[in-house]
Structures are given as structure tokens and as C-alpha cells.
Amino acid sequence: MVAGEDLFSASESRVETVSEFTRRVKVLVETGIRPCWVRGELSNLRLQSSGHAYFSLKDAGAQLSAVLFRGDAARQTVKLREGMQVVVYGEASVYEQRGQYQMIVRAVVEDGVGRLQREFEALKRRLEAEGLFAPEKKRPIPALPLTVGFITSPTGAAVRDFLRILQRRGWRGRVVVLPAKVQGVGASAEMAEMIELACGLGIFDLLVIGRGGGSIEDLWAFNEEPLVRAVAACTVPIISAVGHEIDFTLCDFAADVRAETPSAAAELISSHFVACAERLARAGESMTDALEHWQAIAEERLDHARSRLRLLAPAAVIERGWLRLDDCSNRIRAALRAATQIRHQRVAAAKARLQQASPVVRVQFAAQRLQGLALRLQSASPASVLNRGYALMRDERDRPITRRAGIKPGQKLSAEFSDGKVPLRAD
């Protein structure tokens, strides 16, 4: 028997960490177990504020952890509740942080619907074994279909969305709505009759069969064998556009092309048209630019030729002579004006010098100085002071009194104003 130390030494180079081992298990589980349907009772339900749903699936013998992420949860029509019997579709995975395997759920149906799902799988296997879904039977969709027949309910939202998208994308073909029931008793037969009618008319380049989303019961008409065989036998290329992205029907496998929704079918039909329209618009712009470019070159050459003709014409030679004559005349007149202006300036300067040297100017200057001195003398005279409101005091000998101390009581005085004298006596 090999000792533990010896066994470890022999395999030491192959030792893995927990993360590496768990990751290897995750790869084995995710690649070795294909997506499948699982039935069980829903328990330990936890609805997170993020929109994810965590729960367990259990039966009498085992329990399986499961998670339904927000994007998948928003597309479900079943409201999850504790203890309900469900059938879920998804793939196995491993949550590495806990080393726990779990199921990533993509679709949930109530267990009562499980019977329909089993019928779906059984019929799919049988028809697939007949070669009804063989890829070599698929025909390409016309790139630019002129007339498209849409087999659907004329009052449903699917046909409105289909037409709205075609109109928004500027598609120029014709759509003929072939009315039929899309759910309930007789819906499969009506749609099969419409396919046969469309093939018999021979006016359609492409057919679309579809409706909006719903539960598996609502979409079951598209899983009934007569309609699936009618789709597979259709002589006109046909697109199946049933439900939403997660909804699959047997008509999807029998048709030449599956579109996730009726809106997606409208985008698929108009995609090549839109691409061609864009290429045509770019080509038109390129042609317009090229025409404008060559037109500009031609106009430039024509203008150059016209200019050369004008230069070589006798009238052009005469015109150039007149231009030279006018130019010479203008230059002579400008030279004469300049010379005359210079002489006028010289005369004016001489006059200015003569005026500065004239005796008259000197006499006027001297007179102005004398007048200024006279004004200064006048402003300084006693009469000028008296005129400003002052009075001149004199004693009995008519001498000016300049100080108060020189006045004696009882002394005779006189006050001289601008308009005369007044006798006074000192107290």
C-alpha cells in the first residue's frame, strides 16, 4: 500500500488549488450537461429588489438550487409562488464562490403545461426524423421582395408593429394581410388554408406567418402538425415570426427562416432594401459631386477661353489703348496738381514770414502790452479800491490815516467814498 507522503510526492506537480479544481468542475458541468427541462416543486423563493429570483426545485428524492436572472424573469408569464409545481428550462452551472452547482433558468412553465411541452418535444422528434426540418430544404429569403403576405390576425398588435417598422424604414413594397385566427380551436386549420391560398395565387414573393407573444397554450396552434406540414410544404419562401425571443414553435423549425418577433421579421425583410437605398443615396451623392466637379472645370475652361478671345479681339486692343491713354492723362494731371500745390505752399510760407516781419504786427503787439499795463495800473489805483466798497479815512489836513492809534478823541476826520466825502468826529 502506498503511503500518503509517497503519493503526494509522486503527484506534487499536478496539485490544484481549490479555485482551479472548482473551475475545472464548472467547465465539465457546463459543457457536459446540455440545457434541458426539469420538473419539481418550487421552494425557498427569494425575489430580490434587483429583479433576480432565487429558489430551489425539489422532489421526494433531491433538491436543486436555481436562479432566474432579471432579463429572463421579465419575459416570463408565470408568477412564481412558493410550493407551485413547475417545469423549468435552463443549463447547469457552478457557483464557484460556494462550490455549489445550480441551474440557470431561462423559462418557467406551470407543471400543467408540462404535458404540452412533452407533446411538443415528441412531435418535434418525429417530424425531425422525417427530415421536415432539414437545413437543405431551407430556401433563401428574397433580397428585395415586392409583395409580402402576412398570415396573422388583422386586429392584433403584431400586424401594426410589422407595418409600422416597414413604414419607418421606408420600405417600398406591398403587404397583403391574409386574415386568420392565431389561437384557439380552428386557428391551425385557418392558417394552413391561408398558406395554400397564397401559394395558389402566385403573387407573393415572400410569406410571413406569426403573432405576438403569449403563453404556450396561446401559441399552441403553431405547434399543430397540419400547420407545421403546411409551412414546410409552402412553395413560397416563408418566415416564421411567432411570439418573443424565448418562444419557439414547430413552425419556426419548418419555416425557411425564423424571426424572433414580427418586428424582427419586418427588419429582416427591409434590411437589404435599406442597405440598397443607402448605397443608392451614396452613389447619387457621388454622382452629384462628380458632375459638379466636372461642371466647375468646364466652366473654368470656358471662362479662360472667353478671356483669351477678349484679349485677342480688336476691340480689346482698342480698349487697352484707351486704358493706357486714360492712365497717362491721370498721371499728368496728378503731377500738375502736385507741382501747383507745392508752389502754393511755398507762397503761403513766404506770406507768413512777411507777416511776422511786418511793423504792423509789432505795433499791435506793443499796443496789447500797453493796454495790459494800463489795466493793471487802473486796478491798483485808490479809485478802483473805493469802487469795490472800501472807504479812505483822512485827518483835518487831508492826510490818509492808516492806523487806529493815530486817531485822538474829538479829532475831526473825513471818510472818502467813491462818490464823495463825509465829515466825521472821533469819540
Side-chain angles (χ1 to χ4, degrees), residues 37 72 74-78 89 106-109 113 116-124 127-128 132-133 137-139 141 145 148-166 175-196 198-199 204 206-234 236-271:
W37 292 91
D72 296 314
R75 291 191 288 267
Q76 306 307 314
T77 59
V78 176
Y89 179 82
R106 302 300 182 189
V108 181
V109 294
V113 185
L116 294 178
Q117 191 65 40
R118 290 193 297 274
E119 292 180 12
F120 175 91
E121 295 294 343
L123 182 57
K124 179 184 175 184
L127 295 179
E128 194 171 20
L132 210 66
F133 307 150
K137 290 186 177 182
K138 308 298 182 184
R139 290 160 298 185
I141 298 301
V148 175
F150 191 9
I151 303 169
T152 189
S153 170
T155 60
V159 68
R160 293 195 298 270
D161 293 342
F162 184 83
L163 295 175
R164 176 177 53 81
I165 289 178
L166 289 179
V175 176
V176 179
V177 177
L178 301 169
K181 291 172 59 177
V182 293
Q183 72 180 68
V185 179
S188 174
E190 283 192 23
M191 289 186 282
E193 289 176 3
M194 282 299 168
I195 292 176
E196 185 178 356
C199 293
F204 296 104
L206 178 64
L207 292 179
V208 179
I209 183 170
R211 57 155 291 166
S215 65
I216 189 170
E217 292 93 342
D218 295 336
L219 306 180
W220 190 252
F222 295 88
N223 294 320
E224 295 186 10
E225 185 173 353
L227 179 58
V228 178
R229 290 189 180 276
V231 170
C234 181
V236 179
I238 186 167
I239 297 175
S240 175
V242 182
H244 299 301
E245 180 181 358
I246 63 172
D247 298 323
F248 279 89
T249 66
L250 294 180
C251 284
D252 295 335
F253 298 100
D256 296 303
V257 173
R258 176 198 178 244
E260 296 174 349
T261 62
S263 299
E267 292 180 354
L268 177 63
I269 292 169
S270 58
S271 59

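Distance alone, capped at 3.5 Å, places no donor-acceptor pair between the Arg211 side chain and the Gln183 backbone. Side-chain atoms of Lys138 come within 3.5 Å of backbone N or O of Ala255 as a donor-acceptor pair. Side-chain atoms of Gln76 come within 3.5 Å of backbone atoms of Val108 as a donor-acceptor pair (strictly under, hydrogens ignored). Judged by distance alone, with hydrogens and angles left aside, the side-chain atoms of Arg139 form a donor-acceptor pair with the main-chain N or O of Val236 at under 3.5 Å. At distances below 3.5 Å, not a single donor-acceptor pair connects side-chain atoms of Glu260 with backbone N or O atoms of Gly243. Counting only distance, with no hydrogens or angles, the side chain of Glu190 and the backbone of Lys181 share a donor-acceptor pair below 3.5 Å.
Between Pro145 and Ile269 the shortest heavy-atom distance is CG-CG2, 3.9 Å. Across all non-hydrogen atoms, the minimal contact from Ile141 to Pro237 is CD1-CB, 4.3 Å. When all heavy atoms are compared, the tightest approach of Phe120 to Phe248 is CE1-O, 3.8 Å. Pairing each heavy atom of Ala266 with each of Ser270, the nearest pair is O-OG, 2.8 Å. The two residues Ala198 and Leu178 have their closest heavy-atom pair at CB-CD1, 3.8 Å. Residues Met191 and Ala221 approach most closely at CE-CB, 4.0 Å, considering heavy atoms.
Leu227 is listed as a side-chain neighbour of Ile195, based on a closest heavy-atom distance under 4.5 Å. By the 4.5 Å heavy-atom criterion applied to side chains, Leu207 and Cys234 are counted as neighbours. Using a 4.5 Å cut-off on side-chain heavy atoms (C-beta onward), Val182 and Phe222 make contact. Put simply, the side chain of Phe133 reaches to within 4.5 Å of the side chain of Val228, judged on heavy atoms. For the pair Val175/Phe162, a side-chain contact is recorded, criterion being any heavy-atom separation below 4.5 Å from C-beta on.
The line from SG of Cys251 to CD1 of Ile239 is 13.5 Å long, rounded to the nearest 0.5 Å. Distance check, rounded to the nearest 0.5 Å: OG of Ser240 to CZ of Phe253 gives 9.5 Å. Taken to the nearest 0.5 Å, the CD atom of Glu121 stands 10.0 Å off from the CD atom of Glu128. Between the CG atom in Leu219 and the CG atom in Leu250 there is a gap of 11.5 Å [rounded to 0.5 Å].
For residues 155-164, the pairs satisfying salt bridge (charged side-chain N to carboxylate O under 4.0 Å, His left out) are Asp161-Arg164, with sequence neighbours left out.
With sequence neighbours excluded, no residue forms a salt bridge (charged side-chain N to carboxylate O under 4.0 Å, His left out) with Glu196.
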May I have the step-by-step check of side chain to side chain contact (heavy atoms under 4.5 Å, CB included) for Arg229 and Leu127, ending in yes or no?
CA-CA 9 Å; Arg229 290 189 180 276; Leu127 295 179; 3.4 Å; yes

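Tested against Asn223 for a side chain to side chain contact (heavy atoms under 4.5 Å, CB included), the candidates Asp252, Leu123, Thr249 yield a single pass: Thr249.
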